[in-house]
2 protein chains.
Amino acid sequence: MTLAYAPDAPLATPAIAQVMERLGLRMNFAKDEEIFCQDEEADLLYIVVTGAVRTTRLLSDGRRQVGSFYYPGDLVGLETGDLHRFSAEALCDCTLLVVKRSAVKTFAGDEDLDRALWQATRRELERTQEHLLVLGRKTACEKVASFLMDLAQRDRSEQVALPMGRQDMADYLGLTIETVSRMLTQLQGASVVEFDGCRRFRVTRWDALERLAE
Amino acid sequence: MTLAYAPDAPLATPAIAQVMERLGLRMNFAKDEEIFCQDEEADLLYIVVTGAVRTTRLLSDGRRQVGSFYYPGDLVGLETGDLHRFSAEALCDCTLLVVKRSAVKTFAGDEDLDRALWQATRRELERTQEHLLVLGRKTACEKVASFLMDLAQRDRSEQVALPMGRQDMADYLGLTIETVSRMLTQLQGASVVEFDGCRRFRVTRWDALERLAE
DNA sequence: CGAAGACTTGATTCTAGTCAACTCCCGTGG
DNA sequence: CCACGGGAGTTGACTAGAATCAAGTCTTCG
C-alpha cells in the first residue's frame, strides 16, 4: 500500500523561511561541529541553508542513535520541548539560519507562522514514525535499501551523494558499520545500485530497490 | 543522564479537553474494534476517556508495528497529516470523545487552543523519539524492562495492569512474543518484578529495573 | 610518499527468531 | 460446580541473522 508521504519535501514553508530571513542570523559550522547539545536549553531554531546536519542521542554506555538527517530547507530544533532531547552536529561544513525562539514568539499573533510551525512539527513527527517502522520491523538489508531509496528520492540526480559516513548510517539504522558495509556490497552484487567511491552511488534498478526496501 | 521527560503526563491539556467536551461526541468501542484505519482520511480527533487504544501499522507481508499506546487523557489522531499513517484500535472496551477537525478549526482564532494542539503534537513527537531510541539501540531485555518501567510510572499503584497482550507488546518493541515472554520470565527470576497472572505485575526492585532499562 | 582514518571482508559468536510442544487461564455449558 | 475447550502464554531445541573481533584494503591528505 502506498502512503502520501514525500520524504523529500523540505520542512520549512515560505512563511517560516521569510521570518527567519528577517530575524535570523547566518552561521557557519565546520564538519562535526556541535550545533546544539542534548539536555541543553532549546532557545534557538535553525534552517539548513547549505550542507547537512544530523541529530544524535547517546545512551550512558556510549551506544548512539542518530535521530534524523537534515538537508537544505529543513527546520532543525523543533524536535523538542524546553530541553533538546537530541544533539545536533554538522555532517559537513554547512551554513544555517539561526533565530531565537523568543523572537519568533513575538510574531505569535501571526497565524500563518504559527500554523506553519505546527505543520512543520507534524511533518517531523511523520518522518520519525517512518523511521520507527524501519527500526522496529525491517531486516538489515531492507533498512539499508530504504535508506538509499530515501536519499535517491530526495536528490533525483543520476549520481546521489552520501553526505554521511558508514557509522552515521549504522547509528541511524540501528546496525553496525560492518553490517551496513556488507549490505551495500550485497546490493551492489545484485546490481541494484552502483557505487563510485564510497560516498557516491547510482540506482541501477529502481524496481528492485523498491521491492527490497519493502 | 536524566531528561526532563514525563511519559505519564496526558497529552490533552485542559484547553483541549474543554473544547472537545463542548463539540465532541462520546463513543464506545469494543475490544479490538477499529477506531480509524491506515490510509483513511484523517477527519476526526479523539480523546481517550476510559480504556486504552493502540495505533498500528502493517507492512505488506503482515509484519506489524505498534506505534503507541494511549490512555485516559491522551489525544489520539494527531499523528497525521491528511491521511492516517497508522490504524487505531481499542485495546479493550473503551470510551472516546470524538470531534471533527473542521469543528476545531472554527476555533482557529482561539490562540490557546492552537497552542495546546501544537504542544500536544510536540509531546507526541517526544514520545515517538523515546520509542525510536528503544527500537534502535536497546537489547530485548532492556526493551522489555523500559516498557514495564513506563507502565509502572504511569500507574503508580502497587499493582500495575498490563492492558495489552504479549503480541501487542512484541509488536511495540520490535520483538517476538516468545522473546517478550522469556524476558518477562527472566525479570521475574531476577526478582525485579513479580507477576500475578499474566496481565498484572508489581515492581519489586525499582533500582534494578531502572538499571536494566538503561 | 607515508600515515591515519574509513571502509571492506572473513571467521566466529551470540542474540533473538523460528518451530513445536506444553501449560495455564478463563469462559462456557452440561 | 466441575469438565471441557480454546486461546494466550511459556518453555525448549534448534536456526538464522546480525554483532563482534581481527585482518586486510582503499582513500585522502599532509
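Keep in mind that the numbers below use all heavy atoms, side chains included, and drop hydrogens, waters and symmetry copies. Quick note on labels: first sequence line is chain A, next is B, and so on, each numbered from 1.
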Trainee: Can you list every salt bridge (charged side-chain N to carboxylate O under 4.0 Å, His left out) pair that touches residues 203-214 of chain A, not counting sequence neighbours?
Mentor: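 Every salt bridge (charged side-chain N to carboxylate O under 4.0 Å, His left out) pair that includes a residue of residues 203-214 of chain A, provided the two are not neighbours, is A/Glu214-B/Arg63.
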Trainee: Could you tell me if the side chain of B/Arg127 sits less than 4.5 Å from the side chain of B/Asp74, heavy atoms only?
Mentor: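 The answer is yes, as the side chains (C-beta and beyond) meet within the 4.5 Å cut-off.
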Trainee: Please tell me if the side chains of A/Leu173 and A/Val134 come closer than 4.5 Å, counting only heavy atoms from C-beta onward.
Mentor: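 The answer is yes, as the side chains (C-beta and beyond) meet within the 4.5 Å cut-off.
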Trainee: Using a heavy-atom distance cut-off of less than 4.0 Å, which residues of residues 160-171 of chain A contact DNA chain C?
Mentor: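 Heavy-atom contacts with DNA chain C come from A/Gly165, A/Arg166.
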Trainee: Apply side-chain hydrogen bond (donor to acceptor under 3.5 Å, both in side chains) to B/Ser68 and list each qualifying residue two or more places apart in sequence or on a separate chain.
Mentor: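 Partners of B/Ser68 by the side-chain hydrogen bond (donor to acceptor under 3.5 Å, both in side chains) criterion come out as none, since no residue qualifies.
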Trainee: Earliest and latest nucleotide of DNA chain C, 5' to 3', sitting under 4.0 Å from a non-hydrogen atom of chain B?
Mentor: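 Listed 5' to 3', the contact boundaries are C/dA16 to C/dC19.
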Trainee: Please identify which of these residues, B/Glu126, B/Glu124, B/Gln119, meets the side-chain hydrogen bond (donor to acceptor under 3.5 Å, both in side chains) condition with B/Arg122.
Mentor: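 The side-chain hydrogen bond (donor to acceptor under 3.5 Å, both in side chains) with B/Arg122 is passed solely by B/Gln119 among B/Glu126, B/Glu124, B/Gln119.
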Trainee: What does the B/S/- profile of nucleotides 24-30 of chain D look like, 5' to 3', with a 4.0 Å heavy-atom cutoff to protein?
Mentor: -------
Trainee: Is there a side-chain contact between B/Leu148 and B/Val203 (heavy atoms, below 4.5 Å)?
Mentor: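 Answer no - side chains too far apart.
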Trainee: How are the rings of A/Phe69 and A/Tyr172 set relative to one another: parallel (under 30°), tilted (30 to 60°) or perpendicular (over 60°)?
Mentor: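 The arrangement is tilted - the two ring planes meet at 30° to 60°.
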Trainee: Name all residues meeting the salt bridge (charged side-chain N to carboxylate O under 4.0 Å, His left out) criterion together with A/Glu33; count only those two or more places apart in sequence or in a different chain, and write none if there are none.
Mentor: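 Checked A/Glu33 against salt bridge (charged side-chain N to carboxylate O under 4.0 Å, His left out); zero matches.
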Trainee: Fit a plane to each ring of B/His84 and B/Phe36, take the angle between them on a 0 to 90° scale, and name the class: parallel (under 30°), tilted (30 to 60°) or perpendicular (over 60°).
Mentor: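 Answer is parallel, since the angle falls under 30°.
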Trainee: Is the shortest side-chain heavy-atom distance between A/Leu175 and A/Met183 below 4.5 Å?
Mentor: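 No, every pair of side-chain atoms sits at 4.5 Å or beyond.
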Trainee: For A/Asp43, what residues pass the salt bridge (charged side-chain N to carboxylate O under 4.0 Å, His left out) criterion, not counting sequence neighbours?
Mentor: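 Salt bridge (charged side-chain N to carboxylate O under 4.0 Å, His left out) list for A/Asp43, sorted by chain: empty.
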Trainee: Check this for me, if you would: do B/Asp168 and B/Arg64 make a salt bridge, where the nitrogen-to-carboxylate-oxygen distance has to be below 4.0 angstrom?
Mentor: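 Yes, charged N to carboxylate O under 4.0 Å.
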Trainee: Are any non-hydrogen side-chain atoms of B/Leu187 and B/Val144 less than 4.5 angstrom apart?
Mentor: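 A side-chain contact exists here, since the closest heavy-atom pair is under 4.5 Å.
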Trainee: Do any side-chain nitrogens or oxygens of B/Ser181 fall under 4.0 Å of OP1 or OP2 in D/dT11?
Mentor: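 For D/dT11, OP1/OP2 do not have a side-chain N/O of B/Ser181 under 4.0 Å.
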Trainee: Does B/Ile177 have any side-chain contact (heavy atoms from CB on, under 4.5 Å) partners at least two apart in sequence or in another chain, and if so, which?
Mentor: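 For B/Ile177 the side-chain contact (heavy atoms from CB on, under 4.5 Å) partners, ignoring immediate neighbours, are B/Arg166, B/Gln167, B/Ala170.
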Trainee: Measure all distances between protein nitrogen or oxygen atoms and nitrogen or oxygen atoms of nucleotides 3-6 of chain D, and list the pairs falling under 3.5 Å.
Mentor:
none

Trainee: Can you list everything that forms a side-chain hydrogen bond (donor to acceptor under 3.5 Å, both in side chains) with B/Ser157? Sequence neighbours excluded, please.
Mentor: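 For B/Ser157, the residues satisfying side-chain hydrogen bond (donor to acceptor under 3.5 Å, both in side chains) (neighbours in sequence not counted) are B/Asp155.
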Trainee: Less than 4.0 Å between a side-chain N and a carboxylate O, is that true for B/Glu142 and B/Arg137?
Mentor: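 Between B/Glu142 and B/Arg137 there is no salt bridge, as every charged N stays at least 4.0 Å from the carboxylate O atoms.
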Trainee: Let me test you: for the helix from C/dC1-D/dG30 to C/dG30-D/dC1, what is the angle between the axes at its two ends (five pairs each), rounded to 10 degrees?
Mentor: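 Roughly 30° between the end axes, to the nearest 10°.
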Trainee: Report, one pair per line, the protein and nucleotides 16-19 of chain D atoms (nitrogen or oxygen only) whose separation is under 3.5 Å.
Mentor:
residue	atom	partner	partner atom	Å
D/dA18	OP1	A/Ala140	N	2.8
D/dA19	OP2	A/Thr176	N	3.4
D/dA19	OP2	A/Thr176	OG1	3.1
D/dA19	OP2	A/Thr179	OG1	2.4

Trainee: Between A/Asp39 and A/Arg57, does any NZ, NE, NH1 or NH2 come within less than 4.0 Å of an OD or OE carboxylate oxygen?
Mentor: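 Salt bridge flag = no for A/Asp39 with A/Arg57.
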Trainee: The test is side chain to side chain donor-acceptor pair (under 3.5 Å); show your working for B/Glu89 and B/Thr56 and say whether it passes.
Mentor: CA-CA 8 Å; B/Glu89 295 130 32; B/Thr56 61; 3.2 Å; yes
Trainee: May I have the distance from B/Ile177 (atom CD1) to D/dG9 (atom P), rounded to whole angstrom?
Mentor: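 Spelled out: CD1 on B/Ile177 to P on D/dG9 is 8 Å.
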Trainee: Once you round it to whole Å, what is the distance between C1' of D/dG9 and CZ of B/Arg199?
Mentor: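 Nearest whole value for this atom pair: 10 Å.
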